[in-house]
Amino acid sequence: MIVVCKNHIKDGLQYLQAPHIISIKDNNFKGCCVFCENLAEYKLFYSVPVSRSHRMYVQEMIQKQKI
């Protein structure tokens, strides 16, 4: 799962294959967009669990692109 702001939905989709997308309404999921410091408004996720190693890989790829 990754969380994104409304400006980074398309950027987030490139890291996940066929994810579900929902608007974040639950305060437990509030946070910052993984691409910028704006408030995340959408949650992109799979309906089946994703391994921690894959989540870490996605985070590393995002960080590399910021440099």
Would a hydrophobic clustering, with Ile, Leu, Val, Met, Phe, Trp and Tyr connected at side-chain separations under 4.5 Å, put Val34 with Leu39?
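No, separate clusters.
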Look up atom [atom1] in [X] and atom [atom2] in [Y], then write down how far apart they are to the nearest 0.5 Å.
X     : Y     : atom1 : atom2 : answer
Ile24 : Lys43 : CD1   : NZ    : 7.5 Å
His8  : Asn38 : NE2   : CG    : 7.5 Å
Ile9  : Cys33 : CD1   : SG    : 9.5 Å

Could you tell me which non-hydrogen atom of Cys32 sits nearest to which non-hydrogen atom of Cys36, and how far apart they are?
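Distance-wise, the nearest heavy atoms are CB-O, 4.3 Å.
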All side-chain contact (heavy atoms from CB on, under 4.5 Å) counterparts of Ser23, not counting sequence neighbours:
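Here the qualifying residues are Lys25, Tyr42.
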